[in-house]
2 protein chains.
Amino acid sequence: MKIDPSSPADLSAQIAAAIRESIVGGQLIVDERLPSEAELADHFNVSRPTVREALKRLAAQSLIRTQRGATGGAFVNRLSFEDAYSQQITTSTLLLSMNAVSFDTACEARYALERACAPLSAQRRSPDHLATMRAEIHRQSQPGLTDEAFCASDVDFHRALVDGAGNPVLSYQLAGAVEAMQPLMNMITFTARDRAAIVALHTRIANAVEAQNSNAACAALSDLEAETRGLAQSVFAARAARSNVDAP
Amino acid sequence: MKIDPSSPADLSAQIAAAIRESIVGGQLIVDERLPSEAELADHFNVSRPTVREALKRLAAQSLIRTQRGATGGAFVNRLSFEDAYSQQITTSTLLLSMNAVSFDTACEARYALERACAPLSAQRRSPDHLATMRAEIHRQSQPGLTDEAFCASDVDFHRALVDGAGNPVLSYQLAGAVEAMQPLMNMITFTARDRAAIVALHTRIANAVEAQNSNAACAALSDLEAETRGLAQSVFAARAARSNVDAP
DNA sequence: GACTTTTAAATGTCTGACAAATGAAAATTG
DNA sequence: CAATTTTCATTTGTCAGACATTTAAAAGTC
């Protein structure tokens with residue numbers, strides 16, 4: 001592990017990269033203890049604050065964890081699915097909100113991915129997943145539900161569908177696609193009729209999954225995609241028309 | 001933006017979380033300049049090194065960038081697709097390598113997701129994507145190619161397939177699934193016969209995509225999945241048998 | 001032997017300082 | 001006056017040294 005002191009890049013960034021390579025490359029294994037900050041500072045010929053900045057960078061990516069005390073130090077962290085989920089969601093959400101990704105593009109990606117899960121979910125879904133889907137459908141039918149609560153329930157419904165596939169890697173990959181859509185969906189006002197249509201489609205999906213009919217599930221998902229995109233389009237069109245009148 | 005000095009969590013972690021919330025929540029917009037380190041230290045009642053550790057955490061997630069000089073400082077960063085890709089790949093790779101995810105589980109997820117892209121790719125692929133796929137197939141047919149180069153070419157082929165869908169969000173989501181498999185694939189030794197079978201399947205996929213036949217593309221992908229899983233199974237079985245003899 | 005105290009090692013934080021980069025203002029020059 | 005150069009203030013990057021806090025192991029005590 002070497003760094004180049006004459007490089008224009010920050011020393012702490014270089015050190016973080018060097019250690020990261022060692023972890024990704026397998027030279028440092030899970031739960032192994034890194035040298036102490038003082039030893040690292042010595043090794044890289046930098047000061048302790050610089051080493052600390054490097055370690056904080058790695059901690060931010062959940063690559064290491066630190067522990068105080070006599071036997072403390074920095075340890076290579078086992079990246080849990082949970083940590084990976086939340087990183088994935090944060091990244092996806094920011095990516096969509098900061099890059100003027102159109103609603104259609106995000107929606108298309110999300111439903112394409114969900115249709116990839118549907119056959120597996122239809123095949124393997126547990127009673128638990130079905131129960132969650134039914135419960136969320138019921139919640140969505142309640143009158144007086146705020147738009148945000150409706151969207152949150154929508155996310156939970158789709159998560160149950162994805163988790164039903166019983167493949168944690170798939171669940172992880174889909175987490176970003178499903179959750180990152182929520183802020184976009186929150187921009188939509190759902191009328192009672194819109195909600196009824198969505199609930200009906202959710203019911204079709206749940207029925208298809210329960211009947212282990214993957215074709216029907218995919219078809220229902222496609223219809224839901226069309227419904228969602230149409231809904232968004234009319235909302236955005238109305239908004240654009242209004243702003244044209246307000247500020248000609 | 002407030003922090004709790006009596007909390008057991010690191011101050012730098014708390015400060016990072018507070019700023020992150022402001023970015024994700026939209027209080028800080030892209031390219032906006034954060035207060036200087038000295039001002040932040042003042043605001044949070046901590047020292048500058050502590051603030052710096054917090055900022056490095058955010059920089060590690062590409063949430064901010066820093067610039068030196070008179071008008072320098074920390075700026076909210078527009079998360080580029082490129083940055084998001086590489087974060088996604090790092091996270092996915094570590095998740096697979098650290099969590100004893102079976103080859104089958106990872107493989108199933110990957111091909112399920114690719115089949116989600118295939119219809120869109122068949123519909124929209126540009127001549128460029130087709131050319132890349134053909135070129136990689138040609139490279140894979142070269143004798144004397146190392147196993148690692150073969151795997152790298154495999155990844156490039158599949159990336160072209162995914163990018164053919166013309167949906168950057170989909171490409172981003174798939175990047176992790178495709179690239180994270182490479183280390184697992186690298187554990188396999190490909191015989192000439194294995195390679196021929198894979199090249200034949202790749203050709204079938206490319207032909208189907210060129211003919212805009214999404215059903216054929218999905219079918220070929222399913223066959224490739226079966227081929228890959230079978231291959232991995234026999235390799236791992238042979239390895240297990242050998243180690244049983246070596247160390248009874 | 002069980003309990004308490006001490007101690008050493010490690011991270012967490014602070015203070016103060018200097019170096020280096022950088023853009024803007026001021027001074028200089030044609 | 002315009003163009004160029006110089007100066008300068010601001011800000012991040014780095015360093016050195018110190019103290020606080022936490023933690024587990026070692027030493028001491030009953």
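Throughout, a chain's letter reflects where its sequence line sits, starting with A, and its residues are numbered from 1. Side chains included, hydrogens not; waters and symmetry mates left out as well; all remaining heavy atoms used.
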Between [N] atom [atom2] and [X] atom [atom1], what is the distance in whole Å?
X	N	atom1	atom2	answer
A:Ile15	D:dG13	CD1	C1'	12 Å
A:Asp10	C:dA21	CG	C1'	12 Å
B:Glu37	C:dT15	CD	P	15 Å
A:Arg33	C:dA10	CZ	C1'	7 Å

Open item on the list: Can you tell me if B:Ser12 touches the phosphate of C:dG12, counting only side-chain N or O atoms and a distance under 4.0 Å to OP1 or OP2?
Closed with: no

Open item on the list: Just to verify, what does B:Tyr85 make a ring pair (Phe, Tyr, Trp, His ring centres under 6.0 Å) with, not counting sequence neighbours?
Closed with: none

Task: Electrostatic pair B:Asp31-B:Arg65, nearest N-O below 4.0 angstrom - done: yes

Task: For the student: nearest non-hydrogen atoms of B:Arg229 and B:Cys107, plus distance - done: CG-SG, 3.8 Å

Task: Stretch residues 38-58 of chain B: residues that reach within less than 4.0 Å of DNA chain D through a heavy atom - done: B:Arg48, B:Arg52, B:Lys56

TODO: Report yes or no: do A:Ser171 and A:Asp163 form a side-chain donor-acceptor pair below 3.5 Å?
DONE: yes

TODO: Consider only side-chain N and O atoms of A:Asn167 and B:Glu108, and report whether a donor and an acceptor are under 3.5 Å apart.
DONE: yes

Open item on the list: Pick the closest DNA chain D nucleotide for A:Leu11 and for A:Gly69 by heavy atoms, then say which residue is nearer the 5' end.
Closed with: A:Leu11

Task: A:Ala70 side-chain proximity, nearest of C:dG12, D:dT14, C:dA9 - done: C:dA9

- [ ] Give a yes or no on whether a donor-acceptor pair under 3.5 Å exists between the nucleobase atoms of C:dT22, that is its base, and the side chain of B:Arg68.
- [x] no

- [ ] Select base, sugar-phosphate, or nothing to describe what B:Arg65 touches, counting heavy atoms under 4.0 Å on all strands.
- [x] nothing

Task: is_close_aromatic(B:Phe81, B:Tyr172), centroid dist under 6.0 Å - done: no

